[in-house]
Q: 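Just dropping this structure here.
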2 protein chains.
Amino acid sequence: MQLDERSKKVLKAVILSYIKTALPIGSRSITERFDFGVGSATIRNIMSDLEEGGFLTHPHTSAGRIPTEKGYRFYVDTLFEEEAFLNNKNSIMMEAEQLVQREDASLLLQDTSRLLSDLTHYMAVVTAPKIATAHIRHIEFIRLRANCIMAITVSEAGFVQNKFFDLAKDISQKSLNDISDYLNNFYQGMTLQGIREKLMTQMEKIEDLYDHLQTEAFELTKYAVGDMMEGESGELYTDGATHIFDLPDFSDRKIMKGLLEAVKEKQSVIQLLDKYIGSKGVQVFIGSENRFLGNHGFSLVVSQYKRGDRVLGALGVIGPTRMDYSKVIPLVDSAAKQVSRLLEDLS
Amino acid sequence: MQLDERSKKVLKAVILSYIKTALPIGSRSITERFDFGVGSATIRNIMSDLEEGGFLTHPHTSAGRIPTEKGYRFYVDTLFEEEAFLNNKNSIMMEAEQLVQREDASLLLQDTSRLLSDLTHYMAVVTAPKIATAHIRHIEFIRLRANCIMAITVSEAGFVQNKFFDLAKDISQKSLNDISDYLNNFYQGMTLQGIREKLMTQMEKIEDLYDHLQTEAFELTKYAVGDMMEGESGELYTDGATHIFDLPDFSDRKIMKGLLEAVKEKQSVIQLLDKYIGSKGVQVFIGSENRFLGNHGFSLVVSQYKRGDRVLGALGVIGPTRMDYSKVIPLVDSAAKQVSRLLEDLS
DNA sequence: CTTTAGCACTCACTTCTGTAGAGTGCCAGC
DNA sequence: GCTGGCACTCTACAGAAGTGAGTGCTAAAG
């Protein structure tokens with residue numbers, strides 16, 4: 001279905017109004033609040049056409065119109081082409097520059113989620129990279145007590161993870177230090193998977209002459225790496241969940257509760273974000289376009305951040321479907337870029 | 001003011017009813033639902049007396065009575081003396097035994113908060129010990145990049161903390177390992193404060209012959225310890241915040257939002273719990289007895305957990321003032337004991 | 001053919017009113 | 001001291017009526 005210029009303008013007017021007030025708007029109010037130079041009856045006809053095209057609905061016969069998801073989708077898609085929208089980016093990029101370097105990358109992600117939620121007044125979510133796929137800068141083992149050790153891994157991007165293991169065999173701290181040194185010297189910058197594979201081929205090659213250290217390092221690493229790689233689905237940083245209380249959209253407690261619980265459980269949100277982690281640039285998911293967001297009136301604006309060519313995680317904003325995309329989209333975009341930039345700087 | 005047996009029974013009846021239904025109850029309903037063997041008019045007179053004594057109120061002239069904070073206080077205080085209440089503990093102690101050993105003590109606290117909130121359907125909060133006062137089992141330094149290191153401390157109780165430092169001088173990983181070894185060998189089991197002091201006197205004593213290692217260890221530790229001790233207010237583990245959605249008590253969004261935000265900020269909740277960390281056994285704070293809980297209808301049941309004689313943190317339940325104290329109090333009590341027991345076992 | 005004004009109609013929201021129900025307070029009698 | 005009875009109070013609920021914003025349709029004007 002093709003829309004002429006005027007229809008687009010009317011659609012946009014309805015959406016803008018609904019973004020602001022969350023109230024249905026009628027033809028009369030449109031002629032009053034926006035200057036189209038035509039009467040309300042004309043607007044009425046246009047709105048009727050838009051409804052037929054699936055861009056608008058009305059909740060009941062005598063109510064004003066509200067946008068459908070298709071309407072939002074159209075709005076968002078055309079938004080990307082508009083100049084005014086691109087100009088908007090500049091001022092918002094300034095905001096993203098509030099994000100500054102942190103020793104610990106997870107603090108940076110925390111900052112990011114706070115910034116996003118503060119600026120949008122919606123909920124922000126940021127996933128941290130999975131340790132399984134990270135490139136390791138440093139690995140360290142600490143003996144906590146007999147048969148129990150802790151592994152600390154620091155990724156190149158600056159993410160730290162602690163992990164606990166029960167071992168069949170007790171290993172002294174001294175040996176652990178040696179193993180750590182060995183790994184750090186010869187396997188730095190590789191992924192856990194890579195380390196494991198290299199250790200394995202190493203073992204096969206020099207089967208009879210490998211020294212004691214390598215065997216232990218291998219055993220430990222095999223175990224530790226295996227454990228680290230499975231299950232762990234990375235971390236989720238979130239902020240601004242309570243903003244949903246301020247939205248008139250969600251009067252239903254169940255929906256609010258559902259969202260908060262989903263975010264608390266983290267699992268489903270991480271899956272949601274990671275699913276689209278491959279796609280380039282900012283992605284917008286409107287309402288039921290995504291199963292997780294369901295039919296509860298939520299939308300998601302998400303982008304990925306990276307280090308070099310490597311995508312590390314995703315960050316985004318979850319808000320009501322009637323959120324102000326023209327502000328949120330460039331914000332998410334520049335936040336993602338700023339995070340990438342900052343992670344890059346960590347040498 | 002003294003209450004006779006019958007008045008106490010009526011008060012208890014009102015409270016039990018209100019705990020269940022959150023609805024005001026009148027004299028007639030009491031005679032129907034409880035068997036006092038007297039007419040409603042008599043109950044009416046008793047209730048009138050109780051109101052005069054400040055144990056009950058009614059929201060408006062022709063509504064039933066509801067307990068005041070003083071009423072709850074009286075109820076809770078007498079509860080501690082009752083046999084039936086103590087018997088209740090046995091079944092609830094079983095629940096607390098669901099808590100099992102975890103390599104990482106913070107996981108245990110996480111489990112605890114989940115258990116408490118699951119069993120009570122209220123919100124659970126658990127504070128972790130401050131690293132500043134913890135006895136250190138192991139300390140490790142990792143060089144992240146030039147002039148930036150990470151310190152990992154493991155306390156005797158099994159709590160791990162990572163901390164980042166920027167240093168004026170760059171130290172090699174090798175030196176850091178030596179320093180770690182040195183500290184772990186000679187200062188294990190002390191608090192950060194203790195380590196610092198001992199290092200200081202050590203330096204003074206053997207001023208001219210201390211070796212290179214000790215100087216570096218001292219410098220680093222002085223810096224690291226100082227940084228670790230200040231500001232850091234420990235961690236807060238929380239669960240079940242969304243349960244407040246299910247309570248009919250809080251129809252006001254602002255109150256819900258306020259509570260969730262307070263818990264998210266953690267600071268004030270930690271202060272609240274730590275304030276009463278010294279007091280022995282279970283403590284109950286009803287409504288405005290505590291500033292944080294304010295006049296929003298919340299109460300707090302809290303107890304401390306320890307390792308040996310040393311109090312490490314506090315755990316508790318935040319619920320509506322009309323919460324079921326006879327279940328929550330013994331639960332918090334036995335959870336605290338179970339956590340203490342499990343932390344003890346960690347050798 | 002497009003646009004417009006006018007008109008009848010619809011539906012949610014608000015206000016008002018009456019009633020039922022639960023509760024209180026008080027009093028006289030047991 | 002306890003109780004039944006009675007008048008009174010206040011909420012919650014339901015129906016009635018009015019209001020306002022909006023729609024769809026139609027006929028006339030541009």
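Chain letters run A, B, ... following the sequence lines, proteins first, then strands; residues in each count from 1. Computation of the quantities below employed the complete heavy-atom set of this structure, encompassing side-chain atoms and omitting hydrogens, waters and symmetry-equivalent molecules.
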Q: Can you tell me the distance, in whole Å, between the CE atom of B:Met47 and the P atom of C:dG25?
A: 10 Å
Q: Could you walk me through whether B:Thr42 and B:Phe36 pass the side chain to side chain contact (heavy atoms under 4.5 Å, CB included) test, one step at a time?
A: CA-CA 10 Å; B:Thr42 313; B:Phe36 281 98; over 6 Å; no
Q: Name all pairs fulfilling the salt bridge (Lys or Arg N to Asp or Glu O under 4.0 Å) condition that reach into residues 316-326 of chain A, sequence neighbours left out, sorted by first residue then second.
A: A:Asp249-A:Arg322
Q: Pick the nucleotide of DNA chain C nearest each of B:Ser48 and A:Arg6; which residue has the one closer to the 5' end?
A: A:Arg6
Q: Check the distance between D:dC25's P and A:Asp49's CG and give it to me in whole angstrom.
A: 12 Å
Q: Think B:Thr42 has a side-chain N or O under 4.0 angstrom from the OP1 or OP2 of D:dT3?
A: yes
Q: Suppose we screen for side chain to side chain contact (heavy atoms under 4.5 Å, CB included). Which residues come up paired with A:Thr321, at least two apart in sequence or across chains?
A: A:Tyr72, A:Ile286, A:Ser299, A:Tyr325
Q: When the distance from CD of A:Glu52 to C1' of D:dG24 is rounded to whole Å, what number comes out?
A: 13 Å
Q: Send over the distance from A:Asp4 CG to C:dC1 C1', rounded to a whole Å.
A: 14 Å
Q: Write down the distance between CD1 (B:Ile46) and C1' (C:dG23), rounded to a whole number of angstrom.
A: 16 Å
Q: Under the side chain to side chain contact (heavy atoms under 4.5 Å, CB included) test, which residues partner B:Ser303, sequence neighbours left out?
A: B:Val282, B:Val332, B:Ala336
Q: Could you write nucleotides 4-22 of chain D as a row of B, S and -, 5' to 3', where a protein heavy atom under 4.0 Å of any base atom gives B, of only sugar-phosphate atoms gives S, and otherwise -?
A: BB---BBS---------BS
Q: Donor-acceptor pairs under 3.5 angstrom involving side-chain atoms of residues 8-16 of chain B: please list them, not counting sequence neighbours.
A:
from    : atom 1 : to      : atom 2 : distance (Å)
B:Lys12 : NZ     : B:Glu82 : OE1    : 3.4

Q: Starting at atom CD1 of A:Ile30, determine the distance to atom C1' of D:dT23, rounded to an integer number of angstrom.
A: 13 Å
Q: Can you name the side chain to side chain contact (heavy atoms under 4.5 Å, CB included) partners of A:Ser268, sequence neighbours left out?
A: A:Ala262, A:Phe292
Q: Expressed in angstrom and rounded to an integer, what is the separation of A:Asn45 atom CG from D:dG24 atom P?
A: 9 Å
Q: Nearest whole angstrom, please: distance from the C1' of C:dT24 to the CG of B:Leu56.
A: 14 Å
